[in-house]
Amino acid sequence: MAPGRKDKVKAVIFDIGGVVVRSPFLAISAYERENGLPANYINVALSKLGDHGAFQQYERGEISHSDFIDRWTDELNDTAANNQAYRAYLERRNLDVHMVLPSKTRINGAVLFRRMMDVARQPNAPVVELIRWLRQRGYHVAALTNNFSGDATDDMKSELFDELFDHFVESTVVGLRKPDPRFYLHACNLLEVRPSEVIFLDDIGKNLRAADKLGMAAVQVEIGREDEAVEAVKRIIRARGAPAKL
């Protein structure tokens, strides 16, 4: 446990996709099933280039939407590289490395991205209610999101997010993305808190691990188990000597 991990909670930071709104990964999973692709094949293809992939560069605001779609479609259909990355994924998880993988794919990046953004327009009700619960009790609340310029959540900012968050911290604006620790610290500076005074919610393991290393209390939000994450946040707050009314 990092020093200061028992500090009283002053702020809670939320990821957006898969936390405050429904997960775009739901659309990816559906697309994989509809096109006969192995589970998580697209997710592996999406992340195989690390910070240098089109998806990651688009989240940092480094390339245009049209360039992103063109490059991302090419990356998603690079079966040689994707199959190699997927076999490594299978090995790491002790799954069937002899699985027959596609020799050719026709993944439509534009269609897939549109479907991902459609899902991301749907608020995640238990988490939204948690944010309101926190604000009523005086906690600072921020969003920390890897997003895209002009993405599906843009029209939700004035409709929903403005009322929920003290700060809305975007990768495309800051030029950093999770799990870069500088991105988390930027949010802490805006909130005027130390990482040890923060609870951080995300749906992706590597983003949570980065928060934990900084001293934040990390809470994973899993699809269909949002209520458990809500209770975990309240449990942490109570354990750290929250006001009596909590």
Please confirm whether the backbone N or O of Leu46 pairs with a side-chain atom of Gln56, one donor and one acceptor, at under 3.5 Å?
-> yes
Side-chain heavy atoms under 4.5 angstrom apart, residues restricted to Ile, Leu, Val, Met, Phe, Trp, Tyr: same cluster for Ile236 and Val19?
-> yes
Just say parallel, tilted or perpendicular for the rings of Trp72 and Phe55, cut-offs at 30° and 60°.
-> tilted
Residues 27-44 vs salt bridge (Lys or Arg N to Asp or Glu O under 4.0 Å), sequence neighbours excluded, gives Glu34-Arg115
Residues two or more places apart in sequence or in another chain: which of them pass salt bridge (charged side-chain N to carboxylate O under 4.0 Å, His left out) with Asp180?
-> Arg182
Only counting residues at least two apart or in another chain, list the ones meeting salt bridge (charged side-chain N to carboxylate O under 4.0 Å, His left out) with Arg87.
-> none
Quick check: does any side chain N or O of Asp67 sit under 3.5 Å from a backbone N or O of Ile63, one acting as donor and the other as acceptor?
-> no
Any donor-acceptor pair under 3.5 Å from Thr79 side chain to Lys104 backbone = no
Give a yes or no on whether Leu26 and Ile42 share a hydrophobic cluster (residues Ile, Leu, Val, Met, Phe, Trp, Tyr; joining criterion: side-chain heavy atoms under 4.5 Å apart).
-> no
Could you check if a side-chain atom of Glu129 sits within less than 4.5 angstrom of a side-chain atom of Trp133, using non-hydrogen atoms only?
-> no
Heavy atoms, side chains only, cut-off 4.5 Å: are Ile131 and Val20 in contact?
-> yes
If two hydrophobic side chains count as joined below 4.5 Å and joins carry through other members, does Ile204 share a cluster with Val119?
-> no
Listed by chain and number, what are the side-chain contact (heavy atoms from CB on, under 4.5 Å) partners of Val97, not counting sequence neighbours?
-> Leu90, Glu91
Taking all heavy atoms of Asn124 and all of Gly18, pick out the closest pair and write down the distance.
-> ND2-O, 4.3 Å
Report the distance from atom CD of Glu231 to atom CG of Leu130, rounding to the nearest 0.5 Å.
-> 9.0 Å
Aromatic ring proximity, centroids under 6.0 angstrom, Phe148 and His65 = no
Of all heavy-atom pairs between Ala81 and Lys48, which one has the smallest distance, and what is that distance?
-> CB-CE, 3.7 Å
Lys/Arg-Asp/Glu bridge criterion (N-O < 4.0 Å) met for Asp51, Arg177 = yes
Heavy-atom nearest pair, Gly109 first then Ile69, reads O-CD1, 4.1 Å
What is the distance from atom OG1 of Thr172 to atom CG of Asn146, rounded to the nearest 0.5 Å?
-> 9.5 Å
Shortest non-hydrogen separation from Leu37 to Pro102 and the atoms involved | CD2-CG, 4.1 Å
For Ile223 and Ser23, the nearest pair of non-hydrogen atoms, with its separation, is CD1-CB, 4.1 Å
dist Glu59:CD -> Phe68:CZ (nearest 0.5 Å) comes out at 8.5 Å
For the student: nearest non-hydrogen atoms of Arg22 and Pro123, plus distance | CG-O, 4.4 Å
Among the clusters formed by ILVMFWY side chains lying less than 4.5 Å apart, do Leu144 and Leu185 turn up in the same one?
-> yes
Side chain to side chain, Val169 and Thr145, heavy atoms closer than 4.5 Å = no
Side-chain heavy-atom pair Ile237, Tyr139 within 4.5 angstrom cut-off | yes
First locate atom CZ of Arg225, then atom CG of Asp203, and finally report the distance between them rounded to the nearest 0.5 Å.
-> 14.0 Å
Taking Tyr184 for its side chain and Asn207 for its backbone only, find out whether a donor-acceptor pair lies under 3.5 Å.
-> yes
Kindly write out the residues that satisfy salt bridge (charged side-chain N to carboxylate O under 4.0 Å, His left out) with Lys178, not counting sequence neighbours, or none if the list is empty.
-> Asp15, Asp202
Could you check if a side-chain atom of Val21 sits within less than 4.5 angstrom of a side-chain atom of Gln122, using non-hydrogen atoms only?
-> no
For Glu62, what residues pass the salt bridge (charged side-chain N to carboxylate O under 4.0 Å, His left out) criterion, not counting sequence neighbours?
-> Arg60
Just checking, any donor-acceptor pair under 3.5 angstrom between side chains of Gln57 and Arg71?
-> yes
Contact check, side chains of Phe200 and Val12, non-hydrogen atoms, under 4.5 Å | no
Can you list the residues that meet the side-chain contact (heavy atoms from CB on, under 4.5 Å) rule with Val193, with sequence neighbours excluded?
-> Lys10, Ala11, Cys188, Leu191, Glu197, Val198
By side-chain contact (heavy atoms from CB on, under 4.5 Å), Ala88 pairs with (sequence neighbours left out) Arg92
Ring pair (Phe, Tyr, Trp, His ring centres under 6.0 Å) contacts touching residues 14-49 (sequence neighbours left out) = Tyr41-Tyr86
Rounded distance (nearest 0.5 Å) linking atom CD1 of Ile107 with atom CG of Leu76 | 5.0 Å
Side chain to side chain donor-acceptor pair (under 3.5 Å) against Asp166, all qualifying residues, sequence neighbours excluded | Arg135
Do Leu49 and Tyr58 sit in the same hydrophobic cluster, where Ile, Leu, Val, Met, Phe, Trp and Tyr count as joined when their side-chain heavy atoms come under 4.5 Å apart?
-> no
Taking only residues two or more places apart in sequence, or in another chain, which ones meet Asp96 in a side-chain contact (heavy atoms from CB on, under 4.5 Å)?
-> His98, Met99
Would you call Arg194 and Asp7 a salt bridge, using N to O less than 4.0 angstrom?
-> yes
Return yes if some donor-acceptor pair links the side-chain N/O of Glu75 with the main-chain N/O of Ala54 below 3.5 Å, else return no.
-> yes
Cluster partners of Val100, using ILVMFWY side-chain heavy atoms under 4.5 angstrom, listed by chain and number?
-> none
Determine whether Leu201 and Val233 make a side-chain contact, defined as any pair of heavy atoms from C-beta on separated by less than 4.5 Å.
-> yes
Sidechain-backbone polar pair: Asn40 side chain, Asn43 backbone, donor-acceptor under 3.5 Å = no
Taking side chain as C-beta onward, heavy atoms only, is Asn77 less than 4.5 Å from Thr73?
-> yes
Are the side chain of Glu226 and the backbone of Gly224 linked by a donor-acceptor contact shorter than 3.5 Å?
-> yes
